[in-house]
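Each remark here refers to the structure printed beneath this line.
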Amino acid sequence: MNSSNKKFLAEICNELGDYYYKKFDYEKALLEYKSSAKVYLELKMKLENAKLHRMIGEVYMFLAEFKKALKHNEIYLGELNFQCLDKLV
């Protein structure tokens, strides 16, 4: 699969994750968000991957899995911090 198709796959998984999230089907949302994050990581699209970790963290909060939620939110914030510092230099 070429990178254009992979990016499209990641976008579709993200949209499906959002759909399930809005329907309160957090287990399915989690699967889609994780799939999307994996593809973005393969494509080295760090900011998009970080945004997915934020959503994964939110889902884990709704599932009362707070340690996992914290882990994914830390990944998200760490990448944002890196992106901001990178722009300052």
Do you see a donor-acceptor pair shorter than 3.5 Å between the side chains of E58 and Y21?
yes
Side chains of D18 and Y33, donor plus acceptor under 3.5 Å:
yes
With rounding to the nearest 0.5 angstrom, report the [atom1] to [atom2] distance, [X] to [Y].
| X | Y | atom1 | atom2 | result |
| --- | --- | --- | --- | --- |
| M45 | S36 | CE | OG | 9.5 Å |
| K46 | K44 | NZ | NZ | 9.0 Å |
| E74 | K71 | CD | NZ | 10.5 Å |
| Y60 | E65 | OH | CD | 6.0 Å |

Smallest separation among heavy atoms of [X] and [Y], with atom names:
| X | Y | value |
| --- | --- | --- |
| A37 | N49 | O-OD1, 3.1 Å |
| L43 | S3 | CD2-CB, 3.8 Å |
| A29 | G17 | CB-O, 3.5 Å |
| N5 | N2 | N-OD1, 2.7 Å |
| K6 | V39 | O-CG1, 3.1 Å |

Report yes if the side chains of [X] and [Y] come closer than 4.5 Å at any heavy-atom pair, otherwise no.
| X | Y | result |
| --- | --- | --- |
| L31 | E27 | no |
| I75 | I56 | no |
| K28 | K23 | no |

Taking A10's backbone N and O only, do any of them form a donor-acceptor pair with N14's side chain (distance below 3.5 Å, no angle check)?
no
Any donor-acceptor pair under 3.5 Å from Y40 side chain to S35 backbone
no
Linked, directly or transitively: [X] and [Y] (ILVMFWY side chains, under 4.5 Å):
| X | Y | result |
| --- | --- | --- |
| M55 | L9 | yes |
| Y26 | Y20 | no |
| F24 | Y19 | no |
| L47 | L77 | yes |
| F62 | L52 | yes |

Surrounding CE of M61 (heavy atoms of other residues, nucleotides or ligands, distance under 6.0 Å), is the total greater than 12?
no
With sequence neighbours left out, the residues meeting ring-ring contact (aromatic ring centres under 6.0 Å, His included) with H53 are H72
Result of checking V59, D25, L16 against E32 for side-chain contact (heavy atoms from CB on, under 4.5 Å):
L16
